[in-house]
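Here the structure is a predicted model, which means the values were calculated and not measured. Position 1 is the first residue of the sequence, and the numbers go up from there.
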Amino acid sequence: MKRLFILTFCLLLLEVGYALDVPEFMMVPKSTWVAGFPELNKDDIRTEIAIAPQDANLGLRLVHLKKSYQATKLASEALAENGVIESGDILLSFRPAWADTLAYAHVQLGISHAALAFVVEMDGKKYVHSLESPMSYSSFLDSPHQYSDLEAFHIVRPTLTEVEKSNLKRWAKLTMSHPDRFAFFQDYGTPMYKRGLPGVNQPIDQIRLLAKVIKEGGTTFSCYCSEFVWTFLGLRKCSPDEFPSGNLEMFFDPLKGLYQEDPKAGLTQGPDAALRKSGNPNRTQILTSKVAVDFLDSPSDLQGRMSSGHQAVARANKPKMDLLKRYYGSGEPANMVSEINQGIIENFSPTAFLIRSHAGLNGLRYAGTVVFDK
């Protein structure tokens, strides 16, 4: 019996080690975690807390699912039935393989995609259904386009009232009934309000346009994944019945690249926000030697770890990453902030939701990280 216990414990460590093969700055400040999360220990799903060896204030709340559940409706059912995911939660595709690759991937916290989740009931059971751009990714977490190779994703929970959850769920149902009204926009650097579209000159305008397209059609709403999530959350205070006179409200202002005023956190400050929140005394050393650094420099080295599209974006942003490293290494001088922000359009990246959660902003909280164990 003792040998069996030791063997089981060692196998558990191997599983956790696989899921945690990421540096501390890709983990989450414990002070920002959702409270009252279910503790599970079943054959198909279990929860576990993992802490960064170098920083006890950083870690991940792991939700282990069987590998065989990946890209199947079984994952959707397990996560909904066990109360792991709630309606309105934000799902962030997490790529542990991005650790120790390129500076841009580190600044993005290993996050490549954002989606919204809703809990639906069918045949007496609960399921998680995603809503995302491209619309074809929307599924019971089983779309082959998005979930076939996704071995982990974070759950970030907005603070929503039951009325707001109901409003979003009704908007989501209408959206899914007209998928042809939506298209994917590939340029993540140019949000809709900066594309010169008629009547869309401010961020709030694209929220209004989304509601109009959902209810009336008439044009195609084209956006990238995180832009869709951000825009959709702007509908939370307005039911479909109340539009166009209902209350549309931005979830948060589009983010600059970098803010120097604490606790504000911009598009480049995900690792910084995590380390600040944890109180890590080695923050600057980590940012200059582990974050804003390219460890791999050839496509062959990155093959299987990062898509060619993400590699191209990372290389295009290398000058900004070099500047960011110099900023932290030179004592974070105020006169470099505008230089870093120059050319960065105020935006909402997939990482933005976790960045704001790290900083304790906008009512966002980290719930957990779903891992499909090998």
- Do Leu74 and Ile155 share a hydrophobic cluster (ILVMFWY, side-chain heavy atoms under 4.5 Å, transitive)? yes

- Item | Residues Glu39, Arg46; criterion salt bridge (charged side-chain N to carboxylate O under 4.0 Å, His left out); working and verdict | CA-CA 7 Å; Glu39 294 183 10; Arg46 60 183 174 82; over 6 Å; no

- Item | Other residues, nucleotides, ligands: >12 heavy atoms within 6.0 Å of Gln303 CD | no

- Can we say Lys318 and Asp294 salt-bridge, meaning some charged N sits less than 4.0 Å from an Asp/Glu carboxylate O? yes

- Are any of the side-chain nitrogens in Glu48 or Arg61 under 4.0 Å away from the carboxylate oxygens of its partner? no

- Message: Testing the basics here: between Ala78 and Asp44, what is the closest heavy-atom pair and its distance to 0.1 Å?
- Response: CB-OD2, 4.3 Å

- Message: Please check: side-chain N/O of Ser76 versus main-chain N/O of Val128, any donor-acceptor pairing under 3.5 Å?
- Response: yes

- N-O pairing of Glu227 and Lys194 below 4.0 Å: no

- Treating Ile, Leu, Val, Met, Phe, Trp and Tyr as nodes and any side-chain heavy-atom pair under 4.5 angstrom as an edge, say whether Met321 and Met336 lie in one connected cluster. yes

- Nearest heavy atoms of Asn362 and Phe251, plus distance in Å: O-CZ, 3.7 Å

- Test log, rule salt bridge (charged side-chain N to carboxylate O under 4.0 Å, His left out), inputs Arg276 and Glu332: CA-CA 14 Å; Arg276 280 183 184 274; Glu332 304 174 40; 3.2 Å; yes

- Query: Under a 4.0 Å N-O cut-off, is there an ion pair linking Lys325 with Asp322?
  - Reply: no

- Query: Looking only at heavy atoms, what is the nearest atom pair of Thr101 and His106, with distance?
  - Reply: N-NE2, 3.0 Å

- Message: For Phe185, does the six-membered ring have the charged nitrogen or CZ of Arg195 within the cation-pi criterion, i.e. under 6.0 angstrom from the centroid and within 45° of the normal?
- Response: yes

- Message: If hydrophobic clusters are built by linking Ile, Leu, Val, Met, Phe, Trp and Tyr wherever their side-chain heavy atoms come under 4.5 Å apart, do Val291 and Leu323 end up in the same one?
- Response: yes

- Message: Taking Val119's backbone N and O only, do any of them form a donor-acceptor pair with Lys169's side chain (distance below 3.5 Å, no angle check)?
- Response: yes

- Side chain to side chain, Leu141 and Thr72, heavy atoms closer than 4.5 Å: no

- Donor-acceptor side-chain pairing of Asp301 and Ser298 below 3.5 angstrom: yes

- Is any side-chain N of the basic residue among Glu151 and Arg95 closer than 4.0 Å to the acidic one's carboxylate O? no

- Query: Would a hydrophobic clustering, with Ile, Leu, Val, Met, Phe, Trp and Tyr connected at side-chain separations under 4.5 Å, put Trp171 with Tyr137?
  - Reply: no

- Query: Under 3.5 Å, is there a donor-acceptor pair between the Lys42 and Asn82 side chains?
  - Reply: yes

- Minimum side-chain heavy-atom gap Asn341-Tyr259 below 4.5 Å: no

- Query: Is any side-chain heavy atom of Leu58 closer than 4.5 Å to a side-chain heavy atom of Leu275?
  - Reply: yes

- Is there a donor-acceptor pair closer than 3.5 Å between any side-chain N or O of Gln269 and the backbone N or O of Gly266? yes

- Relative to the ring of Phe140, is the ring of His129 parallel (under 30°), tilted (30 to 60°) or perpendicular (over 60°)? perpendicular

- Apply side-chain hydrogen bond (donor to acceptor under 3.5 Å, both in side chains) to the pair Ser222 and Thr220, showing each step before the final yes or no. CA-CA 6 Å; Ser222 298; Thr220 300; 5.7 Å; no

- Query: Is it true that a side-chain atom of Gln70 and a backbone atom of Ser148 form a donor plus acceptor pair closer than 3.5 Å?
  - Reply: yes

- Message: Distance check, rounded to the nearest 0.5 Å: Arg365 atom CZ versus Ile90 atom CD1?
- Response: 12.5 Å

- Task: Write down the atom of Phe182, the atom of Ile214, and the distance for their closest heavy-atom approach.
- Result: CZ-CG1, 3.8 Å

- Task: Output yes when a side-chain donor or acceptor of Trp98 lies under 3.5 Å from a complementary backbone atom of Arg305, and no otherwise.
- Result: yes

- Task: For Ser177 and Leu174, indicate whether the former's side chain and the latter's backbone hold a donor-acceptor pair under 3.5 Å.
- Result: yes

- Indicate whether any N or O donor in one side chain lies under 3.5 Å from an N or O acceptor in the other, for Glu132 and His113. yes

- Item | CG-CD distance between Leu92 and Gln108, expressed to the nearest 0.5 angstrom | 11.0 Å

- Query: Would you say Gln186 has more than 12 foreign heavy atoms packed within less than 6.0 Å of its CD?
  - Reply: no

- Query: Are Tyr224 and Tyr188 close enough that their ring centres sit under 6.0 Å apart?
  - Reply: yes

- Query: Roughly how far, to the nearest 0.5 Å, is the CG atom of Leu116 from the OG atom of Ser87?
  - Reply: 10.0 Å

- Got a donor-acceptor contact below 3.5 angstrom from the Gln311 side chain to the Met306 backbone? yes

- Short question: side chain of Lys30, backbone of Ile51 - any donor-acceptor pair under 3.5 Å? no

- Out of curiosity, Trp230 CH2 to Leu255 CG, how far, rounded to the nearest 0.5 Å? 10.0 Å

- Message: Check whether Phe252 forms a cation-pi arrangement with Arg356 (NZ or CZ under 6.0 Å from the six-membered ring centre, at most 45° off the ring normal).
- Response: yes

- Item | Residues Asp89 and Arg157 bridged, charged N to O under 4.0 Å | yes

- Task: Quick one: pull up CG in Leu258 and CG in Leu267 and give me the separation to the nearest 0.5 Å.
- Result: 9.5 Å

- Message: Could you check whether any side-chain heavy atom of Arg181 comes within less than 4.5 Å of a side-chain heavy atom of Glu216, counting everything from C-beta outward?
- Response: no

- Query: Do Phe372 and His64 make the cut of ring centroids closer than 6.0 angstrom?
  - Reply: no

- With the side chain counted from C-beta on, respond yes when Asp253 and Pro203 share a heavy-atom pair under 4.5 Å apart, and no when they do not. no

- Query: Between Asp55 (side chain) and Ala52 (backbone), is there a donor-acceptor pair under 3.5 Å?
  - Reply: no

- Item | Where Ala50 and Leu62 come nearest, the two heavy atoms and their spacing | CB-CD1, 4.1 Å

- Item | Separation of Arg208 CZ from Asp205 CG (nearest 0.5 Å) | 5.5 Å

- Counting N and O atoms only, with roles assigned by atom type, does the side chain of Ser133 sit under 3.5 Å from a partner on the main chain of Phe228, one being a donor and the other an acceptor? no

- Query: How are the rings of Phe118 and Phe232 set relative to one another: parallel (under 30°), tilted (30 to 60°) or perpendicular (over 60°)?
  - Reply: perpendicular

- Task: Answer yes or no: is there a side-chain heavy-atom contact under 4.5 Å between Pro158 and Phe353?
- Result: no

- Query: Does the ring center of Tyr366 lie less than 6.0 Å from the ring center of Trp33?
  - Reply: yes

- Task: Please name the pair of heavy atoms, one in Ser136 and one in Ser143, separated by the smallest distance, quoted to 0.1 Å.
- Result: O-OG, 3.6 Å

- So with a 6.0 Å cut-off around NZ of Lys165, is the heavy-atom count from everything else above 12? yes

- Query: Distance only, no hydrogens: is a donor on one side chain within 3.5 Å (strictly under) of an acceptor on the other, for Tyr328 and Gln285?
  - Reply: no

- Item | Heavy atoms of other groups near Lys173 NZ, more than 12 under 6.0 Å | no

- Starting from the C-alpha separation in whole Å, work towards a yes-or-no answer on salt bridge (charged side-chain N to carboxylate O under 4.0 Å, His left out) for Glu81 and Lys125. CA-CA 7 Å; Glu81 283 285 326; Lys125 291 185 177 180; over 6 Å; no

- Query: Is there side-chain contact between Leu235 and Asn167, with at least one heavy-atom pair below 4.5 Å?
  - Reply: no

- Message: If you define the side chain from C-beta out and look only at heavy atoms, does anything of Lys66 sit under 4.5 Å from Asp373?
- Response: no

